[in-house]
Protein chains: 2
Amino acid sequence: MDRAYSTVDFEPVGRRVRVPAGQTILEAARGMDLFSGGGVVAPCGGKGLCGRCRVRVAEGNLSPLTEAEKRLLREEELAAGYRLACQAAVQGPVKVEIPPESLTGRQELQVAGEDVAVVPEPAVKRFVIKLQPTNINFPQPVWQQVERALMADYGLPEVRVDLELLRCEPVLAAGGAATVTVRGREAGNIFWSVPAPKPLGLAVDLGTTKVAGFLIDLASGALLAAEGIMNPQIAYGEDVMSRLAYALESRENYRRMTRVITDGLNRLLHDLAGKAGVFLQTVEEAVIVGNTAMHHLLLGLPVSQLARAPYVPAAAVPVEVKARELGLDMAPGAVAYLMPPVAGFVGGDHVAMILGSRIDEAKAVTLGLDIGTNTEIVLARGGEMLSCSCASGPAFEGAQIQQGMRAVDGAISLVRLSDGGGRVHFETIGGQPPLGICGSGVLDAVAELYREGVINDNGRLDRSHPRVRLAGEKKIAEYLLVPAEQSGAGHDLVLTQKDIGEIQLAKAAIAGGTKILLREAGLKEEDIEQVVVAGAFGTHLQLASALAIGMFPALPPERFRQVGNAAGTGARLALLSMPERRRAEDVARRVKYLELTAVPGFGDTFMAELRFPPPVTR
Amino acid sequence: MDRAYSTVDFEPVGRRVRVPAGQTILEAARGMDLFSGGGVVAPCGGKGLCGRCRVRVAEGNLSPLTEAEKRLLREEELAAGYRLACQAAVQGPVKVEIPPESLTGRQELQVAGEDVAVVPEPAVKRFVIKLQPTNINFPQPVWQQVERALMADYGLPEVRVDLELLRCEPVLAAGGAATVTVRGREAGNIFWSVPAPKPLGLAVDLGTTKVAGFLIDLASGALLAAEGIMNPQIAYGEDVMSRLAYALESRENYRRMTRVITDGLNRLLHDLAGKAGVFLQTVEEAVIVGNTAMHHLLLGLPVSQLARAPYVPAAAVPVEVKARELGLDMAPGAVAYLMPPVAGFVGGDHVAMILGSRIDEAKAVTLGLDIGTNTEIVLARGGEMLSCSCASGPAFEGAQIQQGMRAVDGAISLVRLSDGGGRVHFETIGGQPPLGICGSGVLDAVAELYREGVINDNGRLDRSHPRVRLAGEKKIAEYLLVPAEQSGAGHDLVLTQKDIGEIQLAKAAIAGGTKILLREAGLKEEDIEQVVVAGAFGTHLQLASALAIGMFPALPPERFRQVGNAAGTGARLALLSMPERRRAEDVARRVKYLELTAVPGFGDTFMAELRFPPPVTR
């Protein structure tokens, strides 16, 4: 037997990998292409901090338990052979089971499917060129004929040809006609047929967790396919900061981060093209919106200043780059346009969200929120926009919550309590036995516990309540949501005092941010005429729960609009229409960014918002 | 001793190289960086056809003499240990002497040194931007401040930033001011000082044999440095066709051709910057003109259609490309502009020659000639231009001439005969003892032999002349130009019947091409009011000799202008001034190309022109 290498078998994915002895199970999993299907989540980036990369070791030799594992795994988990993938090093052949809640899974992604209402006016234009056969008596090669026709017949002032196109396409015309794609003054694609396949475009909402792609017919505006994948960088850290930390460790790490997202985008492209039954050579333009860190990691821009004060982007300007320079499989001269970020934590996706929900044009005083690990908030009044970002944390994505998970099959997504918190009614995604609880479920649970009086306005659990118990060595209070026998995870599902605290932090960040924006604008809560809640979580949350815990301004429900993936819509608008793209750039320049940590009194506001408002009855 | 490898010592360059046994001496020489200094010439591309790569083997083991060597080397050369570098394979340690005439040498290059008279209006513009320090209270990074200032203070409609610049430059402003270079709508360079170093540009005349570079101050138009190098591709074939053949052998060969010219251009850049005492980061734009094959090999464009009918370029359109995409060491966002070719054998250098000598604007009927292995001829009348290319062969560059050599030290460049061809007066470049004869010397010699009656109008040597003898097995007539004792080469310098034939071919090609152009334009020779003779050879030739053999139209000498490197001048004009660049593109589109081989009667015209015209007295 080879002493230096060992095999690791992964179940239930049924994959085997051969790794050098001493590698951790997480490293072994990273070496495989599990990311788009089911990899191992590592929110903390494999530092033994989050305890999320639990795996069960069915058999085999591993390194001894570390302190991190003793701290983060329960006794019964340790007894059942659970380890943390980031801690356990392979010392011989191993069989590993990845429990469902540790699998990154293929998530139901919020990819809005409607066509976008805008007159198509894309960056690329098509021209039909008649060609004469090139020969010794008519020695004009293809591109010379194209240039002359574009200038003489179509009145273009000047024509360039993308170098890659010059390199790859036939030189000699065979006669007939061709369809040429021109962008600005440059020809970027050619088809040897009339009519040619339709010009297509790709819109991408590049999130920290999810990547949504839309394949669009640039001529008609029709949506041909929509698809979502997990951001494969998730294997290197679940949140922005752990990914930046990983990328900053070495140039090699940085390059790996860029490579995996490029690979992910190419997979997305191939999936979309497969769904729509088209060739990638017809995809002639891309618009990518994302938070500033994702934007920078894709472009290879400096990121150290994103990870520490003053938290500013290297490029708060629009970037246009040949798609092939980013390694994307598109048409030869295709261009990728990256929507400009506003600030280090207010990315191009925020600009796209404003564009997609038309907040910039709203006459009414409008509050826009896109809730995530960082929640971006914009307050708009008559075209003036003030934006901030608040660190709401990953609780709504299921992280930092003891039995939290993403919004995938088996996640509790809705909770209703009755009998003073004595009875629990819940629903799971896909109707599966519950494995854990996702963002909207946690929000519901906290709101319901408060409404039923199981927690007070400080968030403290009533320790005398029959479903509240003290767990672990440290005797931390927890509320029993689902007993083990009803659970699909094989153990009790609980909501702990710490979980409630995480929701309080998130709520306080969002409500505090909103209050500061209102104060800066000289407005009161009741002045807000419209609240736009964007994003996947924002769309799935129960508005009543969010209002119950005071996360949103106390306004009548009819003032709220849950708009879905507005950032994706904004990306599609900017892809389809150059006037919309210019509008986006105008928005990016007009948005005034407010750095909350630099605002006097923000700390006090935040602390005050940790408390829940007076309860309302449903 | 290592059996598989042997050392080869090269003298007089004093270089040692270790090569696998079985490699030829030429391959060994190619592996070294001898090309810019002194490599081994291989006009035929190392195929054993030209006999130019003579080396003397001082000691060592080599493969047996090949048929090619027996054919191409004289008996006395064989006796003295001469071999052909392309034929002799290394079989053990070898000491090799490269004779002066086989060294590519550093040639005195025709690089015109005057400033060009045009109002500078370059592609790049400079803007001074005041910067505020980036911090948490003013979280605007550099490029956001630049964008806002360019739009608000300078009224630019739209600003992009080159991706490489975004990647490399500091993100946080420290205050003070910066100087930003903008090209079109894109920022391509930044200096953290005011005033910044001057914006510089590079103009290149990329010839098959020579590469001339000019470093220009784009603000004032001043010439800061001029420098010439041999085209390092010469190691893979002296003429266009042998280089194309080499490139077409394999992708690897093609890539090597591109790499060596890129390396050559970078050496040129470094030399120029060193001479002028400037940094390469200040070189913000390049204009490159060259024949179509050189243009294609630099850009990596398809070339097979250049090597066979219909001999058309892949790109007869202007190409703009980031200099870094070509591997050139210039400013981060610098752009290289390649002047458009007209046809497969009428390149961007022809366009530049027309631009530089202003033939396109001439009111008078003007004939323009740029003499080389291919001679491009243009006939212009009131802005209408008709161009052709004729295969005049490499005789004027010293190739195909038994004792031909380039115009380097020791080359006979001027010949005068007297006493009915009994006495020879000659001059050499640098006043060195004669090693061989360069183009202008050969032209002179033939003209003088004709004038003195040593050859007749068919070019036949008078075998009864005392300096004419029959040499070799085949008893070929040759004229003794310089006896061995006066020669620096250690042997007689002669002009053979075959050499005279090569000049007749060249003369017939040029005169025939001119005649066909005149016929197509409906003009007579005497209608030509002005003849522009461009290029290094064209400048150094004795006009009287060219007229004596009928190479040029029989017109009064005052109608001729020998203008030097007009292509280089054209490149500099297009670098300095965008209106001039647009003029060049207009010229490229307006020039009507005439394919001589497709013109009925060209063969007859050519055959008739092999004969010399009635002699004139000096």
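Owing to the predicted nature of the structure, the values given are computational and were not obtained by experimental measurement.
Using a 4.5 Å heavy-atom cutoff, the side chains of B:Leu166 and A:Val319 are in contact. Using a 4.5 Å cut-off on side-chain heavy atoms (C-beta onward), A:Pro302 and B:Glu169 make no contact.
Between A:Glu595 atom CD and B:Asn137 atom CG the span is 9.0 Å, to the nearest 0.5 Å. For the atom pair B:Lys322 NZ and A:Lys322 NZ, the distance stands at 9.0 Å (nearest 0.5 Å). To the nearest 0.5 Å, the span separating CG on A:Leu326 from CG on B:Leu163 amounts to 7.0 Å.
Residues B:Pro318 and A:Glu147 come closest through the heavy atom pair CD-OE2, 3.5 Å.
Residues of residues 335-345 of chain B that come within less than 4.5 angstrom of chain A, heavy atom to heavy atom, are B:Tyr337, B:Val342 in numerical order. Using a 4.5 Å heavy-atom cut-off against chain B, the contacting residues of residues 587-594 of chain A are A:Ala588, A:Arg589, A:Tyr593. Residues of residues 304-312 of chain A lying within less than 4.5 angstrom of chain B, judged on heavy atoms, are A:Gln305, A:Ala309, A:Pro310, A:Tyr311, A:Val312 in numerical order.
Of the listed residues (B:Pro170, B:Pro139, B:Pro141), the greatest number of heavy-atom pairs within a distance under 4.5 Å of chain A belongs to B:Pro141. By number of non-hydrogen pairs under 4.5 angstrom with chain A, the leading residue of B:Leu172, B:Val159, B:Val146 is B:Leu172. Between chain A and the options B:Ala598, B:Cys168, B:Ala314, the largest number of non-hydrogen pairs under 4.5 Å is found for B:Ala314. In terms of non-hydrogen atom pairs under 4.5 Å with chain A, the most contact-rich of B:Asp162, B:Leu299, B:Thr134 is B:Leu299.
Heavy-atom distances place the backbone of B:Asn135, and not its side chain, under 4.5 Å from chain A. Residue B:Glu158 touches chain A through its side chain alone, counting heavy-atom pairs closer than 4.5 Å.
Using a cut-off of 4.0 Å between Lys/Arg side-chain N and Asp/Glu carboxylate O, A:Glu585 and B:Arg160 are scored as salt-bridged.
With sequence neighbours excluded, the residues satisfying salt bridge (charged side-chain N to carboxylate O under 4.0 Å, His left out) with A:Arg183 are A:Glu285, A:Glu320.
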